[in-house]
There are 2 protein chains.
Amino acid sequence: MTRSPEPLQPQPRHSGGKTRRRGAALETALIDAAWDELQAAGYASLTMEAVAARAGTSRAVLYRRWRGRPELVIAAMRRHRPMLSGEVPDTGSLRGDVLALLHQMSGRLAETGPETVYGLLGDYFADAELFSRIQDQVLQIGTGVMATILKRAADRGEARHDISSMIATLPTDLFRHQIFLARTPPSERVIVEIVDDVFLPLTRP
Amino acid sequence: MTRSPEPLQPQPRHSGGKTRRRGAALETALIDAAWDELQAAGYASLTMEAVAARAGTSRAVLYRRWRGRPELVIAAMRRHRPMLSGEVPDTGSLRGDVLALLHQMSGRLAETGPETVYGLLGDYFADAELFSRIQDQVLQIGTGVMATILKRAADRGEARHDISSMIATLPTDLFRHQIFLARTPPSERVIVEIVDDVFLPLTRP
DNA sequence: CTTATTAAGATACGACCGGATCTTAATTAC
DNA sequence: GTAATTAAGATCCGGTCGTATCTTAATAAG
């Protein structure tokens, strides 16, 4: 006891007096704190400091697990949102499938909260290292699903078989571009226009 | 002299001993310092502190003129780059014009330096207020030029007259989307693909 | 059970932010 | 020329960042 002669130490911040959480229990608490802080403050105002305080610990503990705010928030979102992405629309028509896909993306954005999405985008653009680590993930979002949809459409005779990947990803790319540039999900009118006036004419046999 | 009993005051940072720059002269010095710092450190490492130090003044002087880093850097770029945007390509064919336009954009990006562009993008995404202040500017980049190009093409009989604005901005939008997502200017192959496989088929009479 | 290892949590560091205050040059008004 | 106004530049503030260090619980190893 060379450092603290004061009898009243500065109140250990975590609830249980002198318990010290570890491993999964601690990690869950941290992620929950991040999630709560995200709801309470929003992405822009979310600080590592605030999350640590909410979890009753210090920043160092956060930095031992995540590189920074964006990774922490993404971890929180992964935990608190099932991320039910898997479902490929199958409405029976190419037009219906693509529209459904875009609506799906629209819903996803709305759920996540645009403010969080743009905040994350900001952090990702600012850091090349960070960006490259999710580049593939985001870039491929359209590809797989559209391949399936187009395959089925081609088998039904609705589309050619030799659709280039650029055309295949047109709907999702244009959708994303709208989000980037307008900072708001595309309106229903724009979605329909993407599909009817741009995409479908380029895919017909 | 109640505050500094030390005889050696901390070396007034601006060169001329006790001259105090003002107005345009000062502003030029600040902008030059920002530009130099941008070249020396790059956007990501450019701090207001460093620019102020380089200009031999303090941050407060910078904040009196610009809201923050992005506006300061943009001011520096405006000063040090003629921004010769005006020229609308006129090659005699729709295909040539659009290709020229995309190459122009490609060159612009290269000149500015991708690192700076992505850094700016990061700051803009992070701040809704900031974003909305340049939204129109960036959003409209394609529109005007493409309108002119398409008008001429339609008069030559190369394109329909009733091209929707979404199709009109397809090339620039897809180009931008590539930049956003790949964090690198589109290859020549991609540019040609945008024009030949996507844009031109949608514009023919 | 005792000892060694791990890592939680506290604390301190230097950097930068954005703003505020204060003194004092530089400028303008009279 | 003198006085009033403006704003440059220095300094300080509280906040956050990311890192490093230290103590000491919690766990694992023997």
Side-chain angles (χ1 to χ4, degrees), chain A residues 1-6 8-30 33 37 41 43-73 119 122-123 126-127 129-130, chain B residues 1-6 8-30 33 37 41 43-73 119 122-123 126-127 129-130:
Chain A
M1 240 192 104
T2 50
R3 266 226 258 107
S4 307
E6 304 90 339
L8 46 124
Q9 51 260 72
Q11 189 74 294
R13 288 194 284 185
H14 57 285
S15 47
K18 56 177 52 189
T19 50
R20 198 181 268 190
R21 297 155 298 181
R22 276 209 168 201
L26 174 60
E27 186 150 329
T28 301
L30 296 175
E37 185 66 18
Y43 188 87
S45 309
L46 182 146
T47 70
M48 299 300 269
E49 183 73 37
V51 173
R54 192 182 279 268
T57 181
S58 59
R59 266 174 300 139
V61 180
L62 291 175
Y63 282 109
R64 274 187 204 115
R65 281 153 214 276
W66 298 280
R67 284 167 168 274
R69 179 174 63 163
E71 356 261 310
L72 172 57
V73 167
D123 284 344
D127 183 355
E129 156 73 9
L130 186 62
Chain B
M1 236 191 113
T2 51
R3 267 225 256 107
S4 307
E6 304 88 340
L8 46 125
Q9 52 259 69
Q11 187 75 290
R13 290 192 284 186
H14 59 283
S15 47
K18 56 177 52 188
T19 50
R20 197 181 269 190
R21 297 156 298 183
R22 277 211 168 200
L26 174 60
E27 185 150 331
T28 301
L30 297 175
E37 184 66 19
Y43 188 87
S45 309
L46 182 146
T47 69
M48 299 300 268
E49 182 74 36
V51 173
R54 190 182 280 269
T57 183
S58 59
R59 268 173 299 138
V61 179
L62 291 176
Y63 282 110
R64 273 187 204 114
R65 283 154 213 274
W66 299 280
R67 285 169 166 274
R69 179 175 61 164
E71 357 261 310
L72 171 56
V73 168
D123 285 345
D127 184 354
E129 156 72 10
L130 188 60

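Letters A, B, ... are given to chains in the order of the sequence lines, protein chains preceding strands, and every chain is numbered from 1.
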Trainee: Between dA7(C) atom P and L30(A) atom CG, what is the distance in whole Å?
Mentor: 14 Å
Trainee: As an exercise, state the distance from CE of M48(A) to CZ of R69(A), rounded to the nearest 0.5 Å.
Mentor: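 Going from CE on M48(A) over to CZ on R69(A), the span is 9.5 Å.
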Trainee: L26(A) has an atom CG; how far is it from atom P of dA25(D), in whole Å?
Mentor: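 L26(A) atom CG is separated from dA25(D) atom P by 17 Å.
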Trainee: Rounded off to whole Å, could you give me the CZ-to-C1' distance for the R21(A) and dT24(D) pair?
Mentor: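 Value for this atom pair: 16 Å.
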Trainee: For the pair R67(B) and L130(B), evaluate side chain to side chain contact (heavy atoms under 4.5 Å, CB included) and give the outcome as yes or no after the intermediate values.
Mentor: CA-CA 9 Å; R67(B) 285 169 166 274; L130(B) 188 60; 5.6 Å; no
Trainee: Below 4.5 Å, heavy atoms only, C-beta onward: do V73(A) and P70(A) meet side chain to side chain?
Mentor: no
Trainee: Can you check nucleotides 16-19 of chain C for protein contacts, nitrogen or oxygen pairs under 3.5 Å, and list what you find?
Mentor:
residue, atom, partner, partner atom, Å
dC17(C), OP1, M48(B), N, 3.0
dC17(C), OP2, M48(B), N, 3.3
dC17(C), OP2, E49(B), N, 3.1
dG18(C), OP2, Y63(B), OH, 2.4
dG18(C), N7, R59(B), NH1, 2.6
dG18(C), O6, R59(B), NH1, 3.3

Trainee: Please report, rounded to the nearest Å, how far the P atom of dC17(D) is from the CD atom of E71(A).
Mentor: 14 Å
Trainee: Please determine whether side chain to side chain contact (heavy atoms under 4.5 Å, CB included) holds for the pair V51(B) and L30(B), giving the CA-CA distance in whole Å, both sets of side-chain angles, and the decisive distance to 0.1 Å.
Mentor: CA-CA 7 Å; V51(B) 173; L30(B) 297 175; 5.8 Å; no
Trainee: Rounded to the nearest 0.5 Å, how far apart are CG of L72(A) and CZ of R65(A)?
Mentor: 11.0 Å
Trainee: In whole angstroms, how far is the C1' atom of dC17(D) from the CG atom of L72(A)?
Mentor: 14 Å
Trainee: At less than 4.0 Å, is any side-chain N or O atom of T57(B) found next to OP1 or OP2 of dG9(D)? Yes or no.
Mentor: yes
Trainee: Starting from the 5' end of DNA chain D, give me the residue, R64(B) or R22(B), whose nearest nucleotide shows up first.
Mentor: R22(B)
Trainee: Give, for atom CZ of R64(A) and atom CD of E27(A), the distance between the pair rounded to the nearest 0.5 Å.
Mentor: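 It is 13.0 Å, given to the nearest 0.5 Å.
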Trainee: Would you say a side-chain N or O of R20(B) is under 4.0 Å from OP1 or OP2 of dT24(C)?
Mentor: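 False: R20(B) side-chain N/O out of range (4.0 Å or more) of dT24(C) OP1/OP2.
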